[in-house]
Amino acid sequence: MQKLPRKFYSQNTILVAQELLGKFLINKKNGIIRIGKIVEVEAYLGAHDLAAHSCRGITKRTQIMYGDPGYAYVYLIYGMYHCMNIVTEPSGQGSAVLIRALEPIKHLETRTTGPGLLCQAMSIDKTYNGQDLLSNDFYVAAQKDPTPITMVKTTRVGVDYAGIWAKKKLRFYIKNNPYISRK
DNA sequence: AGGATGATATCC
DNA sequence: GATATCATCCTC
């Protein structure tokens with residue numbers, strides 16, 4: 001397992017999103033190592049993407065999204081669940097990739113088939129906002145000889161308000177994987 | 001179809 | 001300071 005370098009995240013957001021499929025999200029906390037395989041993601045392209053939180057410019061909330069790539073953007077949604085994103089592209093773009101579903105690999109007891117649930121299972125909360133994903137206990141890694149996957153491209157979830165941006169196929173998942181949040 | 005539940009942005 | 005809104009999930 002090889003930790004992904006900063007350079008990986010600084011690439012084009014769509015490319016990073018697609019490449020993240022099949023990689024492993026690893027979180028060590030209180031001596032427990034939790035590992036999940038990323039099976040579903042969404043790309044949020046930046047200030048011009050009306051479905052992205054960054055579409056209204058830099059605020060206290062979105063400053064992480066506008067910062068350096070390879071950092072976690074975690075926020076509370078609907079008062080009860082957290083969602084985790086990884087910031088992409090060079091600083092100032094406001095782009096990120098939302099992690100939507102994981103396949104449980106190690107120490108994941110509860111369901112991981114959705115952005116809110118996977119954060120619960122990985123024990124990720126808002127204190128992880130701004131965390132560097134190149135740290136020693138929170139990072140994404142690739143296996144040496146990854147098994148080839150078939151990718152499905154479709155529309156994002158919960159962004160009907162975003163006009164033409166709601167129709168763009170910026171959600172990617174591994175075909176036939178049983179842990180996808182929605183068809 | 002609706003409720004839980006809180007941070008955020010945008011208005012006065 | 002008030003309120004409308006929300007990249008969700010579960011129960012009915």
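Per chain, numbering begins at 1; letters A, B, ... match sequence-line order.
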Problem - Is_stacked (Y44(A), dA7(C)) at 5.5 Å, 30 deg - result: yes

Problem - Within the 6.0 Å centroid threshold, strictly below: Y44(A) and H53(A) - result: no

Exercise for the section: Compute the ring centroids of Y73(A) and Y71(A), then answer whether they are less than 6.0 Å apart. Expected result: no

Nucleotide [N], atom [atom2] - distance to [atom1] of [X] in whole Å:
X	N	atom1	atom2	result
R61(A)	dT10(B)	CZ	P	11 Å
I77(A)	dC9(C)	CD1	C1'	12 Å
K168(A)	dA7(C)	NZ	P	18 Å
K60(A)	dT10(B)	NZ	P	16 Å
M65(A)	dA9(B)	CE	P	12 Å
N129(A)	dT8(B)	CG	C1'	13 Å
H53(A)	dT5(C)	NE2	C1'	10 Å
L45(A)	dA7(C)	CG	C1'	13 Å

Handout entry: Closest-nucleotide 5' rank along DNA chain B - winner of K126(A) and Y81(A)
Key = Y81(A)

Which is true for [X] with a 4.0 Å heavy-atom rule: it touches a base, it touches only sugar-phosphate, or it touches nothing?
X	answer
R156(A)	nothing
R171(A)	nothing
T59(A)	sugar-phosphate
G116(A)	sugar-phosphate
L76(A)	sugar-phosphate

Handout entry: Residues K167(A), D160(A): salt bridge by 4.0 Å N-O rule
Key = no

Handout entry: Electrostatic pair E42(A)-R156(A), nearest N-O below 4.0 angstrom
Key = no

Completion exercise
For residues 111-131 of chain A, the side chain to side chain donor-acceptor pair (under 3.5 Å) pairs (sequence neighbours left out) are N27(A)-Y128(A), K29(A)-S123(A), R111(A)-T113(A), D125(A)-T127(A)

Exercise for the section: Would you confirm whether K168(A), through its side chain, and I164(A), through its main-chain N or O, come within 3.5 Å as a donor-acceptor pair? Expected result: no

Handout entry: Donor-acceptor contact below 3.5 Å, side chain Q93(A) vs main chain P90(A)
Key = no

Handout entry: Donor-acceptor pair present, Y75(A) side chain and dA7(B) base, under 3.5 Å
Key = no

Problem - Nucleotide nearest Y161(A) (side chain, heavy atoms from C-beta), chosen from dA7(B), dC6(C), dT10(B) - result: dC6(C)

Handout entry: M80(A), nearest nucleotide to its side chain (from dT5(B), dT10(B), dA7(C))
Key = dT5(B)

Problem - Residue-phosphate contact under 4.0 Å: R56(A) side-chain N/O, dT10(B) OP1/OP2 - result: yes

Exercise for the section: Using only side-chain N and O atoms of R111(A), determine if any of them is under 4.0 Å from OP1 or OP2 of dC9(C). Expected result: no

Fill in the blank from the handout: Dot-bracket assigned to DNA chain C with the 3.5 Å Watson-Crick/G-U criterion, [ ] for crossing and | for other-strand pairs, is ||||||.||||.

Handout entry: Candidate list T13(A), N12(A), D49(A), test side chain to side chain donor-acceptor pair (under 3.5 Å), partner S95(A), passing option
Key = T13(A)

